There are 2 protein chains.
Amino acid sequence: MEETKKKKYTIRFEPSGLKTEVSAGTVLLDAARQAGIYLSSICGGDGYCGKCKVVVDEGQFQARPSPLLTPDETRENMVLACQTRILSDMIVTVPKFHALQTSQILMDVDTRRFSELAGEVQAGVFPFDPLVQKLYLEMTPPSVQDHTADHERLYLAIREKIDAPIMQTGFRILQKLSRVLQDSGYKATVTIGRRGGTTEVIEVEGGNHCRRNFAVAVDLGTTTVVAHLVDLTNARTLDAEATYNSQINFGEDYIRRIIYAEENNAFDEMQNRLVHDANSLIVTLATRQKIDLQDITTVICAGNTAMVHFLLNLDPTRIRREPYIASAGFIPPIRAAEVGIQINKRGLLYCLPGVAAYVGSDIVGGVLTTRLFTKKGTCLFTDIGTNGEVVLGNKDWMVCASSSAGPAFEGSGVKHGMRAGAGAIEKLTICDDGSVQFKTIGNTHPAGICGSGLLDTLAELFTNGIIDRTGRFNPAINCRAPAGAALTSGAKYSEGDEGRQFELVPAGNEHQQIVITQADIDNLVRSKAGVFAAIRVLMESTQTKLEDLDAIYVAGGFGNFLDVRHAITIGMLPDVPLEKIQFVGNTSIAGAKTVLLSRKALKTAEKIAESMTYFDLMSHPRYMDEFIKACFLPHTDLSLFPSVTETVMHRA
Amino acid sequence: MEETKKKKYTIRFEPSGLKTEVSAGTVLLDAARQAGIYLSSICGGDGYCGKCKVVVDEGQFQARPSPLLTPDETRENMVLACQTRILSDMIVTVPKFHALQTSQILMDVDTRRFSELAGEVQAGVFPFDPLVQKLYLEMTPPSVQDHTADHERLYLAIREKIDAPIMQTGFRILQKLSRVLQDSGYKATVTIGRRGGTTEVIEVEGGNHCRRNFAVAVDLGTTTVVAHLVDLTNARTLDAEATYNSQINFGEDYIRRIIYAEENNAFDEMQNRLVHDANSLIVTLATRQKIDLQDITTVICAGNTAMVHFLLNLDPTRIRREPYIASAGFIPPIRAAEVGIQINKRGLLYCLPGVAAYVGSDIVGGVLTTRLFTKKGTCLFTDIGTNGEVVLGNKDWMVCASSSAGPAFEGSGVKHGMRAGAGAIEKLTICDDGSVQFKTIGNTHPAGICGSGLLDTLAELFTNGIIDRTGRFNPAINCRAPAGAALTSGAKYSEGDEGRQFELVPAGNEHQQIVITQADIDNLVRSKAGVFAAIRVLMESTQTKLEDLDAIYVAGGFGNFLDVRHAITIGMLPDVPLEKIQFVGNTSIAGAKTVLLSRKALKTAEKIAESMTYFDLMSHPRYMDEFIKACFLPHTDLSLFPSVTETVMHRA
C-alpha cells in the first residue's frame, strides 16, 4: 500500500492534451487543477454539485458512487472528478461544457463603453489628473550662484508643474538622484504617485519619457478577471482582456474559497492564483500593444471584498463568519511588486475602497460610474453577480446591502448555465407556437445559457404559462396551453435525471440538448427573490416608495443584451416604467478606470464608501419575510407589479 | 616579484595586540585601518602631514624617506605608516599620541546640558510631541452591529488620540493587523511615525507596550560621533556615549575623505564605517540601559553635509568641487534598516535639514538650540570645528557662511594638538614669571592640548609678548621680556625640528615634552582669521555694526572651559562685552534632540534651513581681503579691538 501511494502516474487531459504527473491516490479534480485544466465546480470538491463530470478514456481509478451520475453517464465512464482517485496512468476527456473561451468575455462592448466613460473624465466631470503621472523637467543645473541641492531642486521643479504640498522620495531614488541629474544635464522625467495626501517620487530617469506611461485597471471578479490597458497620458483605453479567475477550482463562490483556504491553509495559493491571473492579463495586454512592462506604472483594482483580500493576502476569514467584517475596506496604495504584480518595480497598486464584507469596491465603482451619489432623485443600483448587491440613495444618503442570492444568474447552479462567453444563449424567446428562438454570443452553436438568457427563459416560461407563480412546472400544461401552441408537444417537456425539465434546444450535430430543470428554476427564483427582498428592505427602511424611484441601474455580467422588461416580469426589479431602467454592464472596472484617471474621483470614491450605510440582511428582521414573499412570480403581493399583472396574468 | 606580492604577512600592533594579515607590499597605514587601529592622519596618506608615525619593533619594510622624521626618530625605527610598505611579518608600536580615549569625550557635561535643553521642550517652548510615538488602543471588537473593518477601526482609534489627517500603513503591517487585533482582543499598541504630513503606522503589537519607546540622537561629527539615548515617553536623556569617527584614517577633514572615497571608490566603505560607529554607540547605550533594540524606534542625526551624505551613501563629490552643492539638504525620513542601522526593523531614521554644502544640519541644530531665529536683536552663532561656520541674524533674517578655517582648534595640524579627551590641556596660563600653569581633562598627565587650551596658549603667548602681532616669535624676546619674567630663560624657547618652538610643559616621567611651534601658531592664526573674516563679511554684508550684536554663541568641541575673553584677545570673535558671549557646547546633538521630541521643532528646523541665506566665501570678493587683515593678532585694524588694545598692547 505504502509503495502504491508513492507511485507517480501521468494523466493526460483531452482535447487539450495537457498532462500532469501525480501520486497514486490523487483526486482527479486536483490533478486537473495541477494540469491547469478548468473544471466547473460549485461545491469545491465536496461531491454534491455534480459539476465536475469528466469521461475516463483509459486507466484505472476508484470512484465513489454518486446519485448525480445517471446510469447512462456511468456506462460512458463518466465520473465526478472530485470523487475519483487515480490508480494508474489515465487519459481523461473534459466535456465541452467546462470549456472557457476567455477571449470572448464581453470584451468589445465593454471596451467601447468604458472608452466613453473615460471620455466623461476628459469632459471634466472629474478633472484629468491620474494617480500616477510622469513629468518631464528641464532644470537649471546648479552653479556657485545657485547652490540648491539636487533633491530640493527636483521638488521645486515638480512644484512648478503640479500641486504637491507634501512630497516623499524613497531612499533608493534619493541615492541615485544626483547621478541621474548630472548624467542627463538636469533634464529628467519623474514618475510621481499620489498616496493619500502625499506625492511620492517613485522613479527618476534621465531624458524625456513622459509619453510612455500606462496603467492597467483590473476587475477582480469571483468568476472572471477583466483587465483594461489605459494610456495615462491621454486617458484612452487601448485594449482589454479577460480570463477566468483561476481560484475557481477551489469553489465557485468566494465563501467556498475562504473555507477551502482555511481548511487547507491555502491563502498563499489563493493569492498566487489571483496574482498570476492579473499578471497574465497584464503581460498579454503589454505584448499585444508593444508596451514595456516598465512603462506600466499603475495597477488599480476593484472587486468584492473577498477578492481584494485574497489578492493582498489579508485575512478574509471573518467575511464568512461573525462578525462578518473585512480586515480592511480602505487599502492604502502599495508597491505592486509587494504582492508580485509585474509592472514597473516601483509602480503602485491601488484598490478602490470597499464598504463592508459583502459590499466591496466593485459596488463603490458602480455608484461612482452611475453617478448615483450626485442624483437629486432617489435611484437604485444593483449588481447581479454571485451576490446581488443593492444600493439605494441619492446625493444626500445611500444605503446598501448584499442579498447573497447565489450565482444562478452567472450560470452557476443551473444545469446548462454558463458565463457570458462564446456559445452562450444570451437572448431567448418562447413563441406562441411553442418554438424557441435564441441568439448565442458569437452566433455559434449553443453551449449553454448565460445570465440574460436565463432571465429571458424564466420570464418566457412564466409568461407562457409553462411554470406557475410558484415556479413549478404547470401540471395543467398539457391541457391549458395557449391556443395553437406547440407546448402540448411532449418533446418539449420531459422527465430528466433531475426531475421534470423543459427542452429549450434539442440536441444537434454540434451540441448537446439544452434544458431547464425544476431545480434550475428554483435557483433562479431564489436569486431574483434575494435581490428583490434586498431592494424591498432598503426601500422600506428608507420609506422610499415605488414612485420615488427616478432610475434603476443594473450592472453585472449578464451578457450584452439584458431585457429589463423581463427583470420586472419575474419580479427581480420593482415595477417602474421601463425607461427608468438602464443596464450599465461592468461598472466595477469602469469605476476603477475613472479613479485611475482622476485623483478627485478617488477622493469621491472614498467619500462614497464612507457615506454608504450598510444593512446586514442576515440579521435584519424583515429580510426573510420579504424573501419568502418574493419567491413567487412575480411576488405574493401582485399589487406591487401592476404592469405584470396586466400583461402576463391577463394572458394566462 | 609576482610571488612576493602574493605572500601574506601578519602584522601585530602594540600595545593593543590587534593583528591583521596582509599581502606583501601593503602600505602599513592600510594594514592599521584593516586591523581597526586608529592612526592620526590629516593628509589621508599623502605623506606630508607627518601624523601617522609608528615604531617598527620587528620586521622588514621599505620606507620612503621623509623630511618629517627627525634623525632621532629614524634611529628609533619610527616611520610614517603611509609611506611604509610591508615586506615581512611585523610588530609595530603605536605611540600614545594616537590613542583615543573615547569614553571621555565631553560626556558628563553634555548629558547634563542637554537634559536641560530637553527640559525646554517640556516647559512648552516646543510642545512635547515626539516624531515617533506609541499609543495603546483599547478598541471595541467588531460585531454584527459594528462592522467597521480592522484597518479603519484602528485609524478611528488612533485619531481619537492624536491629530493625524493623513495616515499610511505599510503592506506588511496591514497583512498582520487582523491577526494581532484578534489575538489581543483589540487591545494593541501602535507605533506611529511622522513622515512629512503623513502619519505612518510603523508597528502594531498586541497588548500595552507604550512605556518602552526609545530613540537615539546622533551627532555625526567629522572627528567624533556622539549619541544620546532618549526616553520618548518623558523626553528624558538616559545616557550618552561617544566614539571617534572611524572614517578618520581616510583623512581628518571631510574634503580629504571625499577625495579618498572618489579615488578608491570607497563610498560604501565610508558609509559602512559611519553606520558601524552609530551601531556601536546604539548597542552600547542599549546594553548599558538594558533596553531591547526593538524598543528603539527612532534615530535622529545631525552633522555636517558631508557626514550626512556619507551616512546615507548620497553622492558627496560636488561638496568639494563646483558647483559646491549637496545632493540633498532635506532628507526625508527613511527606515533606519535601509542604511543598516540596527534598531527596530521598521524604525525610522530622521536627519535634520541642512542649508548648503558647507552649512549642514549641525548648524541648523545650533540655531534651533540657541533660539537665534527668535531673537529681536541681532546675534552671532559660530561652531568652531573643522570648518568654522558662522550664522548672523535674528527673527527676521539669517545669513550664514563657512570659513573652512581648518581643524587647528580641533587639535589637528598642531604638533601637540589633540581632541578634548583625557590628558588634554584644556586650560593654560603663562604667568608673569614665565611659568606655565595648566589643567588637563581628567587631571591626568598632559598628553597634548585641546581646543580651549590652544586658544589659551595663543592668547597667553600674545599677551606675554612671546609672539608679536604677526604671530611670529618675538626676535626681541630675550631682551624685551616683562620685568622679572623667566622668559629670558633659554630652556623655554628653543629650535625644534620644525623651527622655533616654545616649551609649554617639559618632558616628565610619564609624558613627553609639550611645545608649540611656529607652524602651530600659524595654523591657529589662520583658523581664527578664517572665522573672524567670515564674521566680518556677514556683518558688513548685512550692515551690522559691532554695537548691534546682542549675543554671540560659540559652539564646538573645545573642551569644557572656553575662556571667551581669549577668543577676543586673539581676534577670533568681535570685541563685545564678555557677558554677551556664551559657550554653548555641542548644539548639533542638542538640536537633534529637540527635533526628536517635538514635531513642531522639526518644522521650525525646516523653516530655519529654508530661510538662511548662504554666502559662499570662496567666491566672495571681500573674504580674502578680510582674511589677510585678520591674520594679525588681534587684527590689522586695532580700532576693531579696543579692549584688547587697552589691556594687551598697553602691557607690551
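Keep in mind the model is a prediction, meaning the values are calculated, not measured. When reading the values below, keep in mind they use all heavy atoms of this one structure, side chains included, and skip hydrogens, waters and symmetry mates. Proteins come first, then strands; the chains are lettered A, B, ... in the order of their sequence lines, and each starts at number 1.
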Check whether [X] gets within reach of chain B through its side chain, its backbone, both or neither, counting any heavy atom under 4.5 Å.
X: Gln168(A); value: side chain
X: Ser327(A); value: both
X: Glu322(A); value: side chain
X: Gln182(A); value: side chain

*Can a donor-acceptor pair be found between the side chains of Tyr358(B) and Asn304(B) at a distance below 3.5 Å?*
no

When heavy-atom pairs shorter than 4.5 Å are enumerated against chain A, which of [options] gives the highest number?
options: Val144(B), Thr317(B), Thr148(B); value: Val144(B)
options: Tyr324(B), Tyr155(B), Tyr614(B); value: Tyr614(B)
options: Gly170(B), Ala328(B), Gly196(B); value: Ala328(B)
options: Asp616(B), Leu312(B), Thr305(B); value: Leu312(B)
options: His147(B), Arg335(B), Met167(B); value: His147(B)

_I'd like to know whether NZ of Lys600(A) has more than 12 heavy-atom contacts from other residues, nucleotides or ligands below 6.0 angstrom._
no

*What are the two closest non-hydrogen atoms of Tyr623(A) and Met618(A), and how far apart are they?*
CE2-CE, 3.9 Å

I'd like to know if the side chain of [X] and the backbone of [Y] have a donor-acceptor N/O pair within less than 3.5 Å.
X: Arg194(A); Y: Thr199(A); answer: no
X: Glu152(B); Y: Gly329(A); answer: yes
X: Ser184(B); Y: Leu181(B); answer: yes

*Does the distance from a Lys or Arg side-chain N to an Asp or Glu carboxylate O, for Asp146(B) and Arg153(B), drop under 4.0 Å?*
yes

*Quick one: which of Ile325(A), Ile334(A), Leu174(A) has the most heavy-atom pairs under 4.5 Å with chain B, could you say?*
Ile325(A)

